[in-house]
Amino acid sequence: MPHRDRVLMGPGPGNPYPEVIEAFSRPVLGHLDPDFIALLDETNERLRAVWRTQNRLTFPVSGTGSAGMEAAFVNVVAPGDVVVVGVNGVFGERMCDVAERCGAQVIRVEAPWGQPLDAQQLLDAHPAPAIIAVVHAETSTGVRNDIAPLAARPVGTLLLVDCVTSLGGIPVEIDDWSVDIAYSGTQKCLGVPPGLAPLTLSERAVESIVERPQSWYLDLNMIARYVTGEGARAYHHTAPITMIYGLHAGLGALLAEGLEASWARHAECGAALHAGLEARGFRLFAADGHRLPELTTVWLPDDLPAGLDDATIRGRLLDRYGIEIGGGLGEFAGRVWRIGLMGHTARPRNVTLLLGALDELLDR
Ligand SMILES: *Cc1c(COP(=O)(O)O)cnc(C)c1O
């Protein structure tokens, strides 16, 4: 099976939109070329539409989703700040690690893997934290955490949300939910290869940026001059030109389809996969009502045919059918699969292909 035919149904990257691949072959421009600046401005405008925000400081950080996470924390956390972090999977853990490295006093609010966080517990964890930080779509467990109720936080507390696996796939409403800082990644539901981390900050968050962040590369005081065009467009670091072409094209494809239509497509494909798996006797892992359509977690069956285990099945899916799915993390390694339907991958034909392949492999 040639690599070019892979169906990327792991926890990310998903398959890129064809328009994105086409954009990658455009001639490279200089990062201060007026034509490139115009394309960057348009990319940021498209990002505002996808984030559903008016935030002025909205742009793609150079780096993958984790660079977005780091940029989000390192710019607003001052040593000693209280940061409440919701933890119900790998990416909540990563937030704790990043916040602690910035000198934060982290208060963890946990839920078991597979269960959503309790918004009230997050609000009750501290009377006046500097930040409440939550992962919207936990890619390690397939669980969606509710963000809207966190609007009830104390005045002065920033709301920081990881939208790496949610943006483009399920509703994200930065302004309506009063989110102050959010980041994403290009390779999940935006249908672009990995390499950029869309970031957006409210005016309140911009006012909270520390004078001298502990990262030079991710210092928004300097980057803002380049990306917003307020003041001179000064060199800070060379923008990854070709990746920005790709993001521009991916957002173009997404907005041409329509954001709501993309959410509906993800919802339809996710529901079809969930139903197809349950009809075959599989048990879904994530709590009902909080299941992500773009990332399905499912227990491996107890009654697998002889000679088949997690690694063999995933190996055969890849070799015979060109389908990549992901394994479980942590204590669920070998016991749970993670199946992505992200961006351009979220198509009914991919659902049918995977279910058909499982029928053949498992003799169902
Ligand atoms: C993938 C992911 C990240 C990290 O993104 P990278 O692109 O791998 O650096 C962070 N948070 C969540 C929820 C993710 O799914």
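In each ligand, atom 1 is the first atom listed, and ligand 1 is the first ligand listed. Being a predicted model, the structure only gives us computed values, none of them experimental.
- In this view, R335 satisfies the salt bridge (Lys or Arg N to Asp or Glu O under 4.0 Å) rule with no residue, not counting sequence neighbours.
- A cation-pi arrangement, defined by a distance under 6.0 Å to the six-membered ring centre and an angle within 45 degrees of its axis, is present between K188 and F91.
- Between the R265 side chain and the G343 main chain, a donor and an acceptor come within less than 3.5 Å of each other.
- Residue-level proximity to ligand 1 for P194 is absent, since no heavy atom of it falls below 4.0 angstrom.
- When only non-hydrogen protein atoms are considered, atom 3 (C) of ligand 1 lies nearest to F91 CE2, 3.4 Å.
- Taking only nitrogen or oxygen atoms, main chain and side chain alike, Y183 does not reach within less than 3.5 Å of ligand 1.
- Listed by number with element, the atoms of ligand 1 under 4.0 Å from a non-hydrogen atom of A137 are 13 (C).
- Closest to atom 4 (C) of ligand 1 among all protein heavy atoms lies S66 OG, 3.4 Å.
- Residue A67 places no N or O, backbone or side chain, under 3.5 Å from any N or O of ligand 1.
- The single protein non-hydrogen atom nearest to atom 14 (C) of ligand 1 is K188 NZ, 3.0 Å, given as residue, atom name and distance.
- In this structure, the side chain of T53 does not engage the main chain of A49 through any donor-acceptor pair within 3.5 Å.
- A distance-only check finds a donor-acceptor pair linking the side chain of T228 to the backbone of A224 [under 3.5 Å].
- The shortest contact between atom 11 (N) of ligand 1 and any protein heavy atom is with D162 OD2, 2.7 Å.
- Side chain of N88 to main chain of P112: no donor-acceptor pair is present (N/O by atom type, distance under 3.5 Å, no hydrogens or angles).
- Residues P129 and V83 are not in side-chain contact: their nearest non-hydrogen atoms beyond the backbone lie 4.5 Å or more apart.
- Remark: ligand 1 atoms within the under-4.0 Å shell around heavy atoms of T64 are 6 (P), 7 (O), 9 (O).
- Listed by atom number, the atoms of ligand 1 under 4.0 Å from Q187 heavy atoms are 6 (P), 7 (O), 8 (O).
- Between the side chain of H266 and the backbone N or O of S262 there is at least one donor-acceptor pair closer than 3.5 Å.
- Counting heavy atoms closer than 4.0 Å to ligand 1, residue E138 contributes nothing at all.
- Proximity to G65 (heavy-atom distance under 4.0 Å) selects the following atoms of ligand 1: 5 (O), 6 (P), 7 (O), 9 (O).
- Atoms of ligand 1 lying under 4.0 Å from at least one heavy atom of R94, given by number and element, are 4 (C).
- Atom 15 (O) of ligand 1 has T139 OG1, 2.3 Å as its closest protein atom, hydrogens excluded (heavy atom only).
- Counting only heavy atoms from C-beta outward, the side chains of W51 and T58 approach each other to under 4.5 Å.
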